[in-house]
Amino acid sequence: MSTAFLTLLYKEMLRFWKVSFQTVAAPVLSSVLYLMIFGHVLEGRLQPFEGVSYTSFLIPGLVMMSVLQNAFANSSSSLIQSKINGNIIFVLLPPISYREFYAAYVLASIVRGLVVGFGVWLASLFFSWSGVAHPLWALAFVLMGAAILGSLGLVAGIWADKFDQLGAFQNFLIMPLTMLSGVFYSINSLPVFWQQVSHINPFFFMIDGFRYGIFGQSDASPWLSLAIVGCAWLALTVLSLQMLRRGYKLRG
Amino acid sequence: MPSIDTPAIQVRGAVKQFGSLQALAGVDLEIRQGEFFGLLGPNGAGKTTLISGLAGLQRLTAGSIQVMGHDVIADYREARRALGVVPQELVFDPFFSVRELLRIQSGYFGIRKNDDWIDELLASLDLTTKADTNMRQLSGGMKRRVLVAQALVHKPPVIVLDEPTAGVDVELRQTLWAFIRKLNEAGHTIVLTTHYLEEAEELCGRIAMLKAGRVVALDSTPNLLSRVSHHALKLRVAGLSSLPASLAARDAVLQAGGLEIPFASHSQVEGLLATVREAGAEILEVEIAKPDLEQAFIEIMEGEGA
Ligand SMILES: Nc1ncnc2c1ncn2[C@@H]1O[C@H](COP(=O)(O)OP(=O)(O)O)[C@@H](O)[C@H]1O
Ligand SMILES: [Mg+2]
C-alpha cells in the first residue's frame with residue numbers, strides 16, 4: 001500500500017478522532033436515548049421475532065443505523081468542508097491516484113462507522129444481551145453497509161457546493177431510507193404498500209441482513225439481502241470512481 | 001529522467017473556457033530550468049487559471065502542459081512530484097498543527113520520514129516556534145509561510161508562487177524573497193505572479209505579460225524595460241529661458257531650471273548633452289532616470305487594446 005494512501009487514510013481518521021466528542025460520543029448518546037425510550041415504551045407490546053424481546057430486536061437495528069449514518073457523515077462532511085474552506089487543494093496537488101483517494105475516504109468512513117457502532121453495541125449491553133448467531137454474516141453486512149454509505153457520502157460531498165445541499169441529501173434521502181428500513185419494527189407489521197416500498201430500499205436489506213447475523217432470523221433471505229447490498233455497493237463504487245477519475249467538480 | 005534541456009514548464013496552445021468566458025485564449029510558453037520567471041497581468045488576466053492547469057487542479061479545454069517533460073494529465077504523478085505550488089488564497093486545514101500538516105503533506109508525496117527537511121523549512125521560514133501551534137492560531141503572514149513550506153516538503157525542482165506577497169508586510173516580504181532567491185540559486189526553477197512590479201523587476205530574469213488570457217509580451221526583464229523609451233536625461237541648467245527647437249523636437253520639457261529629455265539608448269546621451277550646450281545652457285546637474293516596469297506594464301497593456 002502506498003504511503004500517499006496510508007497518509008490520506010491516517011489524516012481522515014485523525015480528523016474525526018480529534019473531534020471525537022462530536023463524531024463518536026454524540027451519536028452513541030443519541031442511539032442510547034432511542035434505545036432507552038423506544039425500548040421502554042414498546043417492550044412487551046411488540047415482538048417482531050419469535051423468542052426475541054423488543055429491546056434485543058431494536059439493538060442491531062440501532063447499531064447498524066449508527067454505522068450507516070456515521071459512515072455517510074464522515075466522508076461527506078470532510079469533503080464539503082475541504083471544498084468550502086479551499087484546503088481540498090492539498091490532496092489534489094500531490095500524486096494521489098483516484099483509486100487511492102477513493103479507498104482512503106471510504107475506509108476512514110468505515111472506521112468511523114464501526115467505532116460508533118461498537119460504542120452503541122457496548123452501551124446496549126446494559127440493556128440486553130443476545131449473543132451473535134452468525135458472526136460472518138453480521139460482519140459482511142456491517143462492512144458493506146459502511147462502505148456503501150461511505151461511498152454515498154463521497155458522492156454527496158463532491159456533488160454538493162453548499163452545506164444546505166448536503167443537508168437536503170441527508171434529510172430527503174438518507175433519513176427517509178433509514179426510517180423506512182425497519183430499524184424500529186419488522187416490516188411484516190407494515191401495511192402491504194409500505195412493505196413493498198421497503199422492498200426497494202437497500203437500507204432495509206442491510207439492516208435485515210445484519211439482524212440475520214445476530215439472531216439467525218430475518219424478514220428476507222440473507223442471500224437475497226447479500227445480493228442486493230452487494231449490487232448497491234458495486235454500483236456506488238463504480239459511480240464514485242468514475243466521478244473521481246473525471247475530476248467531477250474537484251478538478252474543474 | 002528529464003535532461004538539462006527539458007523545459008521546466010512547457011505550455012502549448014492552452015485554452016480554458018468557463019462557459020462563454022475564455023480565461024485562457026491560447027497560451028504558449030516555455031520556461032527553462034533554473035529560471036526566475038515572472039507572470040504578470042491585471043486581475044482576471046488568467047494567471048491563476050494557467051497555474052491551476054499546470055498543477056492539474058483544472059483541466060484545459062484545449063492544449064497541453066508539461067512539467068519537467070511530464071504531461072500534467074497523462075503523466076500526472078511525475079508532473080506533480082516535480083511541482084510545488086503556493087496558492088493565491090490563504091487556505092489551511094484547521095484541524096492540524098503546523099508540523100502535523102507538513103508531515104501529512106510529505107506523506108501525500110510518498111515521503112515517510114521528513115523531519116530533518118521539515119525542521120530546515122521551519123527554520124528558514126522563521127516558523128520553528130510555531131511548529132506545534134494549531135493553524136487557526138496563526139496570523140495571516142504565518143499562514144502564508146506555512147503554505148510556502150507545504151509547497152516545498154517534497155523539494156520540487158519547479159516552484160510556482162501565485163501572488164505570495166499580496167497583503168504581506170514589508171519585512172516578511174523581504175524574508176520570503178531572500179528565501180526564494182536562495183532556492184533559485186540552488187537550482188530550483190521559480191515562477192511567480194505578483195502585483196508588486198518592483199518585485200518582479202528586481203527578481204525575475206524573464207517576464208511574460210498576460211492579458212485577457214493571452215501572452216502580450218514575453219522577454220527578458222531588461223529587454224522589456226528597454227522597449228519603453230522611458231530612459232530620461234534629467235538636467236538642472238542655467239542660462240536657458242526657452243526650449244530651443246533642437247530639443248523641442250525630442251519631446252524635451254523645460255520647467256523652472258529643470259530640463260528633461262527622453263531617450264532610447266545610452267549612446268545618445270553625449271549627443272544630447274552637446275545639443276544642450278550648443279543652445280547656450282550651462283549644465284549644473286546630470287541624472288539619468290531609468291524606465292520602470294510599471295511604465296512598461298502600462299504601455300504594453302494599453303498598447304494591446306482592450
Ligand atoms: N472557476 C471559474 N469559473 C468561472 N470563471 C472563472 C473561474 N475561475 C476563473 N474564472 C474567470 O477567469 C478569468 C481569469 O481568472 P484568473 O485566472 O483567476 O485571473 P488572475 O489570476 O490573472 O487574476 C477571470 O475572468 C475569472 O473571473
Ligand atoms: Mg490570480
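Residue numbers start from 1 in every chain, and the chains themselves are labelled A, B, ... in the order their sequence lines are given, proteins ahead of strands.
- Nearest heavy-atom pair, A:T7 versus B:I104, reported as atom, atom and distance to 0.1 Å: CG2-O, 3.3 Å.
- For B:R173, the CZ atom sits in a packed shell: over 12 heavy atoms of surrounding residues, nucleotides or ligands are nearer than 6.0 Å.
- For A:T3 against B:G110, the heavy-atom pair with the smallest separation is CB-CA, 3.8 Å.
- Within a 6.0 Å radius of CZ in A:F184, more than 12 heavy atoms belonging to other residues, nucleotides or ligands are found.
- In this structure, A:W17 places its CH2 atom where only 12 or fewer heavy-atom neighbours from other residues, nucleotides or ligands lie under 6.0 Å away.
- Put simply, of B:Q150, B:R80, B:E89, B:Q105, the one with the most heavy-atom pairs under 4.5 Å next to chain A is B:R80.
- For B:L90, no part lies under 4.5 angstrom from a heavy atom of chain A.
- Residue A:F101 holds its CZ atom at 9.0 Å from OH of B:Y108, rounded to the nearest 0.5 Å.
- Contact detail for A:I89 and B:P87: the closest heavy-atom pair is CD1-CG, 3.4 Å.
- Chain B forms more heavy-atom pairs under 4.5 Å with one residue of A:G247, A:S97, A:S2 than with any other, namely A:S97.
- Atom CG of B:L57 sits about 6.0 Å away from atom CG of A:L92, to the nearest 0.5 Å.
- Open room surrounds NZ on A:K162; 12 or fewer heavy atoms of other groups in view lie less than 6.0 Å from it.
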*Step by step, would you call A:L6 with B:R112 a side chain to side chain contact (heavy atoms under 4.5 Å, CB included)?*
CA-CA 10 Å; A:L6 290 173; B:R112 269 169 210 264; 4.1 Å; yes
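- Of all the heavy atoms in A:P94 and B:F109, the pair that sits closest is CA-CZ, 3.6 Å.
- Contact record, B:F92 with A:F90: CA-CE1, 4.1 Å, taken as the closest heavy-atom pair.
- By number of non-hydrogen pairs under 4.5 angstrom with chain A, the leading residue of B:Q58, B:E100, B:E78, B:R77 is B:R77.
- Counting heavy atoms of neighbouring residues, nucleotides and ligands inside a 6.0 Å radius, atom CZ of A:F118 does not exceed 12 of them.
- Crowding of A:M175 atom CE: a count of heavy atoms from other residues, nucleotides or ligands under 6.0 Å not exceeding 12.
- A:L33 CG: more than 12 foreign heavy atoms inside a 6.0 Å radius.
- If you measure heavy-atom distances from B:L147 to chain A, the contacts under 4.5 Å come from the side chain alone.
- Within a 6.0 Å sphere centred on CD1 of B:I4, other residues, nucleotides and ligands contribute 12 heavy atoms or fewer.
- No donor-acceptor pair closer than 3.5 Å links the side chain of A:R251 to the backbone N or O of B:R59.
- For B:F18, no part lies near chain A; criterion is any non-hydrogen pair under 4.5 Å.
- Under a 3.5 Å cut-off, the side chain of A:K18 and the backbone N or O of B:F95 do form a donor-acceptor pair.
- A:N85 and B:P94 make their closest contact through ND2-CD, 3.8 Å (heavy atoms, listed as atom of the first residue, atom of the second, distance).
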